[in-house]
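Hydrogens, waters and symmetry mates play no part in the numbers below; they use all other heavy atoms, side chains included. Every chain is numbered from 1 and lettered A, B, ... according to where its sequence line falls, protein lines coming before strand lines.
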Amino acid sequence: MINVDDLLDYTSFTVDREAHIVLDPAHCAACSHRYCTTTCPARCYAWSEKDRKMSFVHDGCLECGTCYAVCDSHAFARWRYPRGGFGVSYRMT
Amino acid sequence: MKRSFEAIVVGAGPAGATAALTLARAGVDVALVERGAHPGEKNMFGGVLHRMPALERVFPDFWDRAPLQRHLVKKVLTFMTPGRSLNLEYETESFDRAPYNGYTVFRPHFDRWLAGEAARAGATLLTRCTVEGVVREGGKVAGITVLRGAGELRAPVVIAADGVLSFTAASAGLRRPRFDPGQLGLGVKALLELPKEVIDDRFGLVRDQGASREFVGSSSGVRGGGFLYTNYDSLSAGMVLHLDSLRRSGRTPYDLFNAFLAQPQVAKLVRGARLLEYSAHLIPEGGYRMMPELCGDGILVAGDAAAFCYAKGPNLEGINLAAQSGACAAEAVLEARQAGDWSARRLAGYRRRLEATFVLQDLRTFHRAGELLEIDRLYGDYPELICDFMDRMYRIDGAPKQSLLKMGLAMARKKVGTANLVRDGWTTWSTI
Ligand SMILES: Cc1cc2nc3c(=O)[nH]c(=O)nc-3n(C[C@H](O)[C@H](O)[C@H](O)COP(=O)(O)OP(=O)(O)OC[C@H]3O[C@@H](n4cnc5c(N)ncnc54)[C@H](O)[C@@H]3O)c2cc1C
Ligand code: SF4
Ligand code: SF4
């Protein structure tokens, strides 16, 4: 069974302090679907209804591009791959 | 660091490495630029490397050199519903000897090996370099910029082989700036460790024989399917989910994946396995319709970056198209180099070369297969219908039997309705 909360236990990352994906929160507050929260395979996006706020953590990002493709509101102030040598590091797969 | 080359290839996946290898062997001073700490570090796929004519030409002893897991002798297609399944199994002796028809591989090993071969042939391999975009000079592409550190690299021609999102092709204005989730698939995969003997037993294999298993009807109604491939002492288990169907379903990829692994027919194959790695990647599923401009002044696009992939035929194929297109791009560059002309018009020889190979021919053949796969009934009603039918055929319970054809038609009409049946039958007929 896959538990994405334990992702860092079995997939390796060299986390960059500087995030490679940066959101503009205003877009997310106004977004009608928040597809990123369900489609991201690493659950990097979490929406809090109470605070009406999106939290995004780039640490466990698998660099798959799904959020980039499903977001139709241009919510990204930045979306690029991590700089060389950082990010996910597959050993086998 | 040296700052100018005769050619630059962005991305050391199978498309880029094959292009760089071909150029280096022809004596071109080429740089192969990769963002990973080593080639393959960022790459995942399902697990089947199909036969690679482009590489077999370069390495006649390909299967002895490349880091391969098992060669495939058995292909199983399963239609399933919770608790029931119909397997179509094909096994052939001829897949059990060279030239093998396909292998399972690990991308971090395979891509590293292939890019290493390009470097041994004389290409300059630059890792840990994330390319930001192209540099232009007088309207022509004249190089690339690398994020932080390395700065600018120059060459009269660039091959964008940086995968499905290809920011290089985007920055050169060759692909549309936005993606259509209807043209993408999301793949998630788990690498599961199991002893070799257990795998041999469960899949009926000996020596380095391997099996591939694909599952339709296993994705809880979301368009897509599951797969299981045997590596030497691990299994590659995963799912490919149509991104538009997935987002509309409101389901998460890992929940669907866990539900797939929990189905009894799959659970008994993966029982006791230890999770080694979890990965995810997008697949360009749009085929012909998704293809960007293939060349511009001083630039060519190859592999997934050009949407040369099909998830819609009987096999999921991408690596073989990537390698072949990389080789074609390199040949077009060699031709342009001889003429000393890097214009789009001269580089258009690339498309002609692709037209002459399986890359564009297959893409065209499967051009309309998408419509078939857009029938949502394929992922729920039809697998159920098939299993219902098999059940009625095999179950002995004292009830009198009907002719199979009559029974089948009556069941199909009841399950999906005559109109849908005719419509789907027509779509199938006209697309395959
Ligand atoms: C789940 C899944 C299952 C699949 N199963 C199969 C299968 O069984 N068989 C098969 O043949 N195909 C399969 N495919 C398809 C196959 O993986 C691709 O078609 C193939 O990898 C494409 O090769 P490529 O070289 O074009 O791109 P990629 O393999 O994506 O390589 C691109 C390279 O460019 C690098 N890169 C990207 N951006 C930059 C940048 N800005 N700067 C520097 N470097 C960069 C990347 O790190 C990477 O090394 C599958 C794909 C997925 C996602
Ligand atoms: S889909 Fe885009 S705009 Fe909507 S919540 Fe996600 S990132 Fe924000
Ligand atoms: S790139 Fe993929 S893994 Fe990373 S945040 Fe986006 S959807 Fe999640």
Would you say the side chain of [Y] lies within less than 4.5 Å of the side chain of [X], judging by non-hydrogen atoms?
| X | Y | answer |
| --- | --- | --- |
| A:Val4 | A:Pro41 | no |
| B:Arg70 | B:Lys196 | yes |
| B:Tyr232 | B:Ile199 | no |
| A:Thr11 | B:Ser279 | no |
| A:His20 | A:Trp79 | no |

Which of the residues A:Leu62, A:Val70, A:Thr66 is involved in the greatest number of heavy-atom pairs with chain B at under 4.5 angstrom? A:Thr66

Which residue out of A:His33, A:Arg80, A:Arg83 racks up the most heavy-atom pairs below 4.5 Å with chain B? A:Arg83

Quick check on [X] against chain A: is it the side chain, the backbone, both or neither that has a heavy atom closer than 4.5 Å?
| X | answer |
| --- | --- |
| B:Pro67 | neither |
| B:Ser236 | neither |
| B:His281 | backbone |
| B:Leu184 | side chain |
| B:Leu282 | both |
| B:Phe257 | side chain |
| B:Asn43 | backbone |

If a pair satisfies salt bridge (Lys or Arg N to Asp or Glu O under 4.0 Å) and one of its residues is in [range], list it, with sequence neighbours excluded.
| range | value |
| --- | --- |
| residues 220-242 of chain B | B:Arg223-B:Asp376 |
| residues 176-190 of chain B | none |
| residues 245-254 of chain B | B:Asp244-B:Arg247, B:Asp244-B:Arg248 |

Members of residues 258-270 of chain B whose heavy atoms come closer than 4.5 Å to chain A: B:Asn258, B:Ala262

Sort [X] into side chain, backbone, both or neither according to what part of it lies under 4.5 angstrom from a heavy atom of chain B.
| X | answer |
| --- | --- |
| A:Ile2 | both |
| A:Val88 | both |
| A:Tyr90 | both |
| A:Cys36 | neither |
| A:Cys61 | neither |

In short, B:Pro39 meets B:Ala115 closest at the heavy-atom pair CG-CB, 3.5 Å

State, without any angle test, whether A:Asp16 and A:His58 hold a side-chain donor-acceptor pair at a distance under 3.5 Å. no

Aromatic contact between B:Phe167 and A:Tyr68, with the criterion being ring centroids under 6.0 Å apart: yes or no? yes

Return the OH to SG distance between A:Tyr35 and A:Cys67, rounded to the nearest 0.5 Å. 15.5 Å

With chain A, the option among B:Lys42, B:Met44, B:Arg107 that has the most non-hydrogen atom pairs under 4.5 Å is B:Lys42

Just so I understand: if I count every heavy-atom pair under 4.5 Å between each of B:Leu241, B:Leu191, B:Leu186 and chain A, which residue has the most? B:Leu186

Atom CZ of B:Arg271 with >12 non-hydrogen neighbours under 6.0 angstrom: no

Check: B:Val222 main-chain N/O paired with B:His242 side-chain donor or acceptor under 3.5 Å: no

